[in-house]
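Atoms within each ligand, like the ligands themselves, are counted from 1 in listed order. Keep in mind that the numbers below use all heavy atoms, side chains included, and drop hydrogens, waters and symmetry copies. Note that the structure is a prediction, hence the values are computed from the model and not measured.
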Amino acid sequence: MYIVVIAPECAPVAKVGGLGDVVFGLARELEVRGNSVEIILPKYDCMRYDQIFGLQVAYADLWVPWYDRSVRCTVHFGFVHGRRCFFIEPHSEQDFFNRQTFYGCSDDDQRFAFFCRAALEFMWKSGKQPEIIHCHDWQTGLVPVLLYEIYKPMGMTHPRVCYTLHNLFHQGVTGEHILRASGLNRPSYYFHQDRLQDNFNRGALNLMKGGIVYSNFVATVSPRYAWEIMHTDQSRGLGHTLNVHRRKFGGILNGVDYDVWNPEVDPHIRRRYGVDSLDAKFENKRALRERFWLQDAFKPIVCFVGRLDNQKGVPLITHAIPYCLANGCQFVLLGTGADHWITHHFVGLKRQYNDNPDCHLEIAYDEELSHLVYAGSEMILVPSLFEPCGLTQLIGLKYGTVPIVRATGGLIDTVFDANHAHKPYSERNGYVFNDFNAQGLESALHRAIGMWYAFPQHFRELMANGMRCDYSWNHPARHYLEVYELIRDK
Ligand code: ADP
């Protein structure tokens, strides 16, 4: 099958969170299975250009309709670790993708609406008619709308669209100007509850809703999150729309790229190890301690890796630090935040714990370092308020780092409590707590730390159980291929 992926992120060149990992990992697995995959991305100025090989101009003068004129774009082509990627560079006074950031500009709605229009215009002008267009999150929600309303009548009748929702917290709620900008010239038609009108604010346009309504299939990143966004307030207003379209909606658990995240082959850690050579993991613990100036003591290391965002459970992370330190653990954090106040809060904590030989907070984004944190720690904390899928617990499992998670979204689908899961012991792989408060968190941390100290052999079995789990792209890629097969133009 010929598949074109249109996405705002792709690891490792443009990665903010799990979405980037998913775009790369799924594309890789689809190609391994004999499909042809191309990825279209914006050409951000802040990308990791050292990870793009053979960058060259693929289409010099692409004129993209925008408001009542056209914007000239250059489309570049390059390989990202073997994946074929096209990068769209607009030449306009707004300089959409030269902002030194991926997201967070006041005109993000326009930046990504333009990207959608430009991606389709490029496909149209260069004669690309794939079986499947796979798009991701609100940033590409306009793709199926534009395809159906503009490009299909022009003759682009072959492609069908699969749309993956990674997080309903950001839906691309915007105004009428986006319709005029992107060439959808009948506002009253699109401002309809069955199309793009926001379910809360009747005067606003919801780009993610457009993606849901116009796609041939809508997936989200775990079965549990699929249920939550149909039946609880996690949907943030889109529950009704998802219920209306439930026959083309389902949850497919994300995978992890075990070529990148695998302690047996990882080039970024001091000593490689596997389930049969678990002792070697502890050399990475030593390396992590050296890197973060932690003392060498008989204590487990608890880590947190992720965006410092409300979603990730800021109050519980904050509470976990003194709790772990007071209960015989070391604590390590690697994270950055987009929110000024949350960053400020963690910088304050960093200062507070600066001289503590058992604690290190690294307020940074560092892909290579994250490998050592996963490999060197014994437990990984994921106390999220909500979590569509979550990759850090899956990576933790592969590295024999026992996850301690809150029971929400994809965390429920992937982590099974050592004491309470309805599973045989050999399938239990972590600790789970329900309540989003200090008592909930402590109930799980207390059990995990107690097990490490009192029953080290049992704790080791838990580590090994996690390492034996298969959360590779093997299963999810098969599911996505079944979806593609179901919807493609036969
Ligand atoms: P989300 O997509 O909500 O950010 P996920 O758990 O799905 O969360 O994915 C997070 C991904 O981003 C993981 O691969 C994690 O290792 C990576 N990551 C997050 N923060 C950092 C950081 N500060 N440094 C390095 N990698 C990070």
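Residues His134 and Tyr480 place their aromatic rings such that the two centres sit under 6.0 Å apart.
Aromatic ring orientation, Trp227 versus His231: tilted (interplanar angle from 30° to 60°).
For the pair Lys398 and Tyr258, the cation sits on the ring face: its NZ or CZ lies under 6.0 Å from the ring centre, inside 45° of the axis. Seen from the ring of Phe97, Arg111 does not count as a face-on cation partner, given the 6.0 Å and 45° thresholds.
When the ring-ring contact (aromatic ring centres under 6.0 Å, His included) test is applied to Tyr49, no partner is found at least two apart in sequence or on another chain.
For the atom pair CZ of Arg460 and CG of Leu462, the computed distance is 12.5 Å after rounding to the nearest 0.5 Å.
Protein residues with a heavy atom under 4.0 Å from ligand 1 are Lys15, Gly17, Gly18, Asp21, Val305, Gly306, Arg307, Gln311, Lys312, Leu334, Gly335, Thr336, Ala364, Tyr365, Asp366, Glu367, Ser370, Tyr374, Gly390, Leu391, Thr392, Ile395.
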